K.L.:
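Please read through the structure below; I'll follow up with questions.
Since the model is a prediction, treat every value here as computed from it, not as a measurement.
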Amino acid sequence: MGLSWSHILIVLVLFVLLFGRGKISELMSDVAQGIKSFKKGMAEDDEKAPEPAKPEPKIIKHKAEV
């Protein structure tokens with residue numbers, strides 16, 4: 001009881017009839033735009049990640065008793 005090519009073809013035809021060619025292309029462009037903005041955001045996060053600041057060593061000055 002698996003999906004054959006005829007079942008997949010019927011589902012695709014029904015999908016195109018329900019949503020139309022214009023809606024499918026708009027949907028795909030929205031998905032592509034979302035992926036592009038996600039990749040851009042990930043690249044910006046990598047560039048902006050600063051190295052953690054290393055604390056400067058503290059110098060303790062004291063006077064020796066003479």
Side-chain angles (χ1 to χ4, degrees):
M1 181 100 190
L3 290 175
S4 66
W5 287 105
S6 61
H7 292 118
I8 294 172
L9 183 62
I10 291 170
V11 170
L12 288 176
V13 168
L14 289 174
F15 186 76
V16 170
L17 289 175
L18 289 175
F19 293 105
R21 289 178 36 173
K23 286 283 189 181
I24 294 172
S25 64
E26 288 177 16
L27 179 66
M28 288 296 130
S29 67
D30 289 343
V31 169
Q33 190 176 25
I35 292 171
K36 285 181 185 178
S37 65
F38 177 75
K39 286 183 179 179
K40 182 180 177 184
M42 292 299 288
E44 287 176 358
D45 286 346
D46 290 343
E47 291 174 1
K48 291 183 180 179
E51 294 182 20
K54 295 180 182 177
E56 293 184 23
K58 292 185 178 180
I59 300 173
I60 301 173
K61 296 182 181 180
H62 66 288
K63 295 182 181 178
E65 293 182 27
V66 182

K.L.:
Can you list everything that forms a side chain to side chain contact (heavy atoms under 4.5 Å, CB included) with L18? Sequence neighbours excluded, please.
P.N.:
none

K.L.:
For residues 30-39, which side-chain N or O atoms pair as donor and acceptor with protein atoms under 3.5 Å away, sequence neighbours left out?
P.N.:
unit_1 : atom_1 : unit_2 : atom_2 : d
S37    : OG     : Q33    : O      : 3.4
S37    : OG     : G34    : O      : 2.9

K.L.:
Which atom pairs, donor and acceptor, lie under 3.5 Å between side-chain atoms of residues 6-17 and protein residues at least two apart or in another chain?
P.N.:
unit_1 : atom_1 : unit_2 : atom_2 : d
S6     : OG     : S4     : OG     : 2.9
H7     : ND1    : S4     : N      : 3.3
H7     : ND1    : S4     : OG     : 3.0

